[in-house]
Amino acid sequence: AQKVTQAQTEISVVEKEDVTLDCVYETRDTTYYLFWYKQPPSGELVFLIRRNSFDEQNEISGRYSWNFQKSTSSFNFTITASQVVDSAVYFCALSRAAGTYKYIFGTGTRLKVLA
Amino acid sequence: ETGVTQTPRHLVMGMTNKKSLKCEQHLGHNAMYWYKQSAKKPLELMFVYSLEERVENNSVPSRFSPECPNSSHLFLHLHTLQPEDSALYLCASSPRGRTGRYTTNEKLFFGSGTQLSVL
């Protein structure tokens with residue numbers, strides 16, 4: 001069975017602090033994809049990153065960085081120098097490589113960045 | 001603006017009402033999804049259409065009835081709902097292939113959702 005766990009329900013930080021959102025996944029597949037989405041107050045989930053299981057390189061995009069570690073089944077997301085606009089709910093998701101249209105989402109982590 | 005538009009944004013309905021949610025995408029995608037988002041729960045996949053054919057029906061009660069007249073439009077018809085059906089209903093689209101043949105695992109493009117309250 002596939003599962004995504006985001007143990008942090010809500011995190012509050014002060015602006016300019018760094019924050020890491022945890023994502024732990026379970027799958028028996030050898031090929032799979034991992035995603036992060038951001039859901040601002042407006043409601044729509046916005047895609048942030050996709051990573052396939054064969055690519056363990058960490059990625060940095062501006063203030064965002066992602067740490068993928070297959071050994072611990074984790075795909076953590078770090079925001080450096082957080083800003084108020086980063087306040088949102090962040091979802092981690094898992095997808096099989098083929099044979100399904102299902103994405104398995106975590107329960108989300110609500111991030112509040114205080115000015 | 002993600003290119004996926006949902007209407008209405010908010011809906012309040014009684015348990016005996018019939019209403020419909022509408023989703024429209026302008027991205028040329030060929031797969032469309034309905035998700036249910038309830039507080040403190042993972043997003044729950046309800047239905048998937050690929051090229052106007054339903055390819056996934058995730059054990060959803062029959063009081064929810066989807067319709068996909070073309071690859072740009074998706075509806076969710078609601079009737080005799082229960083209070084526990086109150087949630088945010090999200091539509092999404094992606095550039096998927098035909099049923100069962102190939103999945104690209106492309107990113108999903110979401111609408112802003114319809115916040116549904118059932119009284």
Side-chain angles (χ1 to χ4, degrees), chain A residues 1-11 23-27 29-55 59 61 66 75 88-110, chain B residues 1-6 9-10 23 25 29-51 53-59 87-116:
Chain A
Q2 295 189 308
K3 185 179 179 181
V4 174
T5 301
Q6 293 180 257
Q8 303 153 308
T9 304
E10 186 169 314
I11 301 174
C23 174
V24 175
Y25 62 92
E26 296 176 26
T27 181
D29 295 342
T30 54
T31 305
Y32 51 88
Y33 292 81
L34 295 162
F35 302 79
W36 276 96
Y37 287 86
K38 174 183 180 180
Q39 186 179 35
S42 54
E44 78 284 5
L45 276 77
V46 177
F47 168 84
L48 295 178
I49 190 172
R50 179 184 65 177
R51 175 68 73 223
N52 75 54
S53 53
F54 294 106
D55 182 1
E59 180 157 339
S61 176
W66 290 270
F75 187 42
V89 181
Y90 291 87
F91 290 92
C92 181
L94 168 69
S95 175
R96 306 187 77 174
T100 179
Y101 287 87
K102 287 186 179 181
Y103 294 79
I104 308 300
F105 283 85
T107 50
T109 297
R110 180 177 298 278
Chain B
E1 180 62 44
T2 63
V4 180
T5 303
Q6 287 188 244
R9 289 297 308 273
H10 301 274
C23 177
Q25 57 98 359
H29 291 166
N30 49 27
M32 297 187 76
Y33 308 72
W34 279 116
Y35 278 90
K36 176 182 178 182
Q37 184 179 8
S38 303
K40 300 183 180 180
K41 291 185 178 180
L43 267 70
E44 178 184 341
L45 178 65
M46 300 177 73
F47 301 103
V48 183
Y49 278 82
S50 176
L51 296 173
E53 179 182 349
R54 191 189 305 180
V55 297
E56 196 86 41
N57 179 356
N58 214 25
S59 301
L88 180 66
Y89 289 83
L90 291 162
C91 174
S93 70
S94 72
R96 288 294 183 115
R98 285 198 62 85
T99 304
R101 180 191 297 180
Y102 175 68
T103 58
T104 64
N105 291 296
E106 293 290 335
K107 59 185 179 182
L108 295 171
F109 292 75
F110 285 86
S112 297
T114 295
Q115 186 65 54
L116 173 67

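Atoms considered below: every heavy atom in the structure, side chains included; atoms not considered: hydrogens, waters and symmetry mates. Please read all numbers here as calculations on a predicted model, not as lab measurements. Letters A, B, ... are given to chains in the order of the sequence lines, protein chains preceding strands, and every chain is numbered from 1.
Heavy-atom distances place the side chain of B/Q37, and not its backbone, under 4.5 Å from chain A. Looking at A/Y32, there are no atoms closer than 4.5 Å to chain B (heavy atoms on both sides), in backbone or side chain.
Separation of atoms OH (A/Y33) and NZ (B/K107) is listed at 14.5 Å; rounding is to 0.5 Å.
Residue A/K102 comes nearest to B/L45 through the heavy atom pair CG-CD2, 3.6 Å, listed as atom of the first residue, atom of the second, then distance. For the pair B/R9 and A/S42, the tightest heavy-atom approach, listed with the atom from each and the gap, is NH2-O, 2.9 Å. Smallest separation of non-hydrogen atoms from A/E44 and B/F110: CB-O, 3.6 Å. Nearest heavy-atom pair, A/G43 versus B/L90, reported as atom, atom and distance to 0.1 Å: O-CD2, 3.8 Å. Across all their heavy atoms, A/F47 and B/L108 have their closest contact at CB-O, 4.4 Å.
By the 4.5 Å heavy-atom criterion applied to side chains, B/L43 and A/Q39 are not counted as neighbours.
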| query | Between A/F105 and B/Y35, does a ring pair (Phe, Tyr, Trp, His ring centres under 6.0 Å) hold up when you go through it step by step? | reply | CA-CA 11 Å; A/F105 283 85; B/Y35 278 90; 5.6 Å; yes
